[in-house]
Amino acid sequence: MYVALAWFSDRRLPDGAIRAARERFDAAVSAVVTDTYVRHEFGGEDWGITFLTSSKVGGYRWPLVAAEGPVTALSLGLPVGVQTTGPVALARDLLGGADIHRDVLPPFGLIALDGDQRVVIQQDWLGMCRLFTGTADGITAFCSRPSLLTTFLYGRTEPDLEGWRSYAVSGFFGADLSPVRGARLMQPGQRITSRRRADGGWDLATETRYNVDDLVVSGFAGQGRPVEESLDLAAQAFTDIATSVGNLYDGPISLGLSGGKDSRLIAASLLATGHLPKFHTNDDTVVEGETAVRLMQILRDERGLTPEHRLAKTGAPANVLTTGLFERTERLQRRYDFQFPSSYTIRPAVETHLPHALGAVNFSGVGGELATGYWYPTVEGKTPEDEVLGRLTSAVPRNGVAPEVIDIERERVAALFDRARGLGLRDLHLVDYLYLIERVRRWYSSAYVIGSITPFLSPGFVAATFGVTAEQKRDYLLHTSLIGRFIPEWSEVPFVTAFHGTTTATRIWDGDGVKAISDLLETAQGPIAQLIKRDVVEKTLTTAVRTDKSSELILRHFTYLAVASTLLEPETVGPATGETYARVTAPPRSPAPKTRPADRSRLRRLKTTWLWRAARRVLKPALQKVRS
């Protein structure tokens, strides 16, 4: 992996003016990378670039740092899909004004240096490359980690509540929002050109080059063309990606194979182009493993292929619960600077440092939903706006957050729809556009690992998805047709999802989960943690304790926000009293016995019956005669 920091001052700085900022950055980055990372330094009295990269690159053929003459190329990822002779050639093209990111698979960014006089920074067309920017005291900086950026610029790291409100309801930081104040993500296709002035200081110019809007509009323009043209475009995109990866990497390819559509299409395209990946399947959900085994058997029986295939229960309690819930969550946040999905709180704990070596190339199904109508309304009469708002506020139940938080998100979604309609998009393609620019750009984890290949984000495939109809997407036309082209023997095996069948994965309340969440309800008192209603969390947790069944969404999400609150708002942390845990784990009260009238004597009960009344009518005259 890598850590990148670039800064430019608008004036010549006196000696030592930037020293404190650099010392703050160095102290903070030491907690992120190991001492095996290689440090590359560029700069002078009014600018600087620090680029730290893993020293162990494995089978990668694309160096992240390359120089020839005055030109230096610093690559933020792999330029999969780009036709070039190497990093320096790509940097020269960028310095010359070319849209070098037009054909690239996100995430990817490039920093090109022309000696000490000019620097150009290019974000990918989707804006998925995690490069944040901020400005203070005439210094503009760019960094791959928002907390390091704010530490360098301001000497402090404070939570950005606007960003956390977005995370609370959607599960990610929307648009260009950040977990920390003073840092914003670079925009899709954004280019920064920095030029040094003769008298010192730098002039920075920003422009938006080819980006997601251009790509989507070009794809949507194909509405009404023969469907075979869209299929040919999508198939060619997958074939080109397989070829490009071979040019950038000569090690083993690792591929997760589930029972679903996306991984099967990726696997089929690789096999059709001569690659034999090492397959692995998470069989926490039994039917996933069974389907993957069946696909492997077809390869052996029909094609004589014997690929390596490993089954593993990734979320099994034995793998997860060796580390407590609080520590698992804290490690996750420190590793990824608070930007990971809360669903990973039930995965095995990660190391807080970035990996010291680059892992094997791994293909991801990110963006495959663009071809399946994943967010399309299933209820008749529901508008695209209603559906997207529901999807972007579904991280917790609606009653789990304050209404004003939903209202803020509603306003943001309305503005996004206005933008989409301004591009000429209509009907359910509006949903796909918002899914792409919000969910795909910010939620998926591919941006954090070099070698995570995203073939469904090939510009050709994305364009093809906007060229077919909504009904064709609902029928999985692109997936089924391309699998039929690449490995037709797999076409008869039904698709399954992780929601089919039983699962053995860890639940959030397993292990010390109940105690950890109960304590967080008491200790995490800061504004971030307060975004989720505590009474709803406690009620949900109590139900889980008593029934071993409950919705995990709000429990996972509250845990994530509460731990973030303890890290970013330490002054708000309160004491743990154990009272919440006692309430949550207390046995339910036995129902109070029904109140009944006091027992009557047999004689009193007898007097209320018809038999007593009849006997009295008969016996009363006789008794009166006897007495007289």
Side-chain angles (χ1 to χ4, degrees), residues 164 167-169 171 284-285 313-333 340-350 394-402 502-570 572-594:
W164 283 106
Y167 190 97
V169 294
D284 284 319
T285 302
K313 297 186 183 301
T314 305
N319 299 329
V320 176
L321 300 180
T322 54
T323 306
L325 175 59
F326 187 100
E327 184 178 347
R328 291 201 308 270
T329 307
E330 181 182 9
R331 287 193 194 181
L332 190 68
Q333 293 177 348
F340 228 61
S342 63
S343 56
Y344 281 73
T345 55
I346 55 172
R347 297 287 187 91
V350 298
S394 62
V396 295
R398 283 297 183 93
N399 67 338
V401 295
T502 58
T503 179
T504 59
T506 302
R507 283 85 53 87
I508 190 73
W509 56 79
D510 287 342
D512 72 339
V514 174
K515 181 67 164 58
I517 298 172
S518 298
D519 287 349
L520 284 170
L521 284 167
E522 295 177 351
T523 60
Q525 300 295 327
I528 296 176
Q530 297 291 348
L531 289 169
I532 295 183
K533 294 182 179 178
R534 290 160 187 272
D535 58 336
V536 179
V537 174
E538 184 171 333
K539 181 179 179 181
T540 305
L541 186 61
T542 302
T543 301
V545 169
R546 293 177 180 176
T547 67
D548 203 34
K549 294 179 181 179
S550 193
S551 172
E552 289 192 69
L553 286 177
I554 194 168
L555 299 180
R556 291 197 300 248
H557 218 52
F558 170 76
T559 299
Y560 196 91
L561 268 70
V563 173
S565 179
T566 65
L567 297 177
L568 290 171
E569 306 165 324
T572 67
V573 176
T577 66
E579 295 177 0
T580 303
Y581 181 70
R583 285 196 305 272
V584 167
T585 58
R589 294 180 180 178
S590 300
K594 295 181 179 179

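Since we're looking at a predicted model, the values are computed, not measured.
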Could you tell me whether the side chain of [X] and the main chain of [Y] form a donor-acceptor pair under 3.5 Å?
{"X": "Thr506", "Y": "Gly315", "value": "yes"}
{"X": "Asp510", "Y": "Leu321", "value": "no"}
{"X": "Glu522", "Y": "Glu579", "value": "yes"}
{"X": "His557", "Y": "Tyr167", "value": "yes"}
{"X": "Ser550", "Y": "Thr540", "value": "yes"}
{"X": "Thr543", "Y": "Lys539", "value": "yes"}
{"X": "Tyr560", "Y": "Phe340", "value": "yes"}
{"X": "Ser565", "Y": "Leu561", "value": "no"}

So do [Y] and [X] actually touch side chain to side chain, heavy atoms under 4.5 Å?
{"X": "Thr345", "Y": "Arg328", "result": "no"}
{"X": "Asp548", "Y": "Arg507", "result": "yes"}
{"X": "Leu520", "Y": "Val563", "result": "yes"}
{"X": "Trp509", "Y": "Glu552", "result": "yes"}

Return the minimal non-hydrogen interatomic distance between [X] and [Y], and the atom names on each side.
{"X": "Ala529", "Y": "Ala562", "value": "CB-CA, 4.0 Å"}
{"X": "Gly171", "Y": "Ala395", "value": "N-CB, 3.7 Å"}
{"X": "Gln530", "Y": "Ala524", "value": "NE2-O, 4.5 Å"}

TODO: Look at Lys515 together with Asp512 and state whether they make a salt bridge at an N to O cut-off of under 4.0 Å.
DONE: no

Measuring from [X]:[atom1] to [Y]:[atom2], what's the distance to the nearest 0.5 Å?
{"X": "Leu541", "Y": "Arg546", "atom1": "CG", "atom2": "CZ", "answer": "10.5 Å"}
{"X": "Ile346", "Y": "Asp284", "atom1": "CD1", "atom2": "CG", "answer": "9.0 Å"}
{"X": "Leu531", "Y": "Trp164", "atom1": "CG", "atom2": "CH2", "answer": "9.5 Å"}
{"X": "Glu327", "Y": "Thr322", "atom1": "CD", "atom2": "OG1", "answer": "9.0 Å"}
{"X": "Lys533", "Y": "Asn399", "atom1": "NZ", "atom2": "CG", "answer": "6.5 Å"}
{"X": "Ile554", "Y": "Ile508", "atom1": "CD1", "atom2": "CD1", "answer": "12.5 Å"}

TODO: Go through the steps for Leu553 and Val396 under the test side-chain contact (heavy atoms from CB on, under 4.5 Å), then give the verdict.
DONE: CA-CA 6 Å; Leu553 286 177; Val396 295; 5.7 Å; no

TODO: Apply the test side-chain contact (heavy atoms from CB on, under 4.5 Å) to residues Thr542 and Arg583: give CA-CA distance (whole Å), side-chain angles for both, the deciding distance (0.1 Å), then the verdict.
DONE: CA-CA 8 Å; Thr542 302; Arg583 285 196 305 272; over 6 Å; no

TODO: Test Ser518 against Val514 for side-chain contact (heavy atoms from CB on, under 4.5 Å), laying out the working first.
DONE: CA-CA 6 Å; Ser518 298; Val514 174; 4.2 Å; yes

Open item on the list: Run Gln525 and Arg534 through side-chain contact (heavy atoms from CB on, under 4.5 Å) and show every step you take.
Closed with: CA-CA 10 Å; Gln525 300 295 327; Arg534 290 160 187 272; 3.9 Å; yes

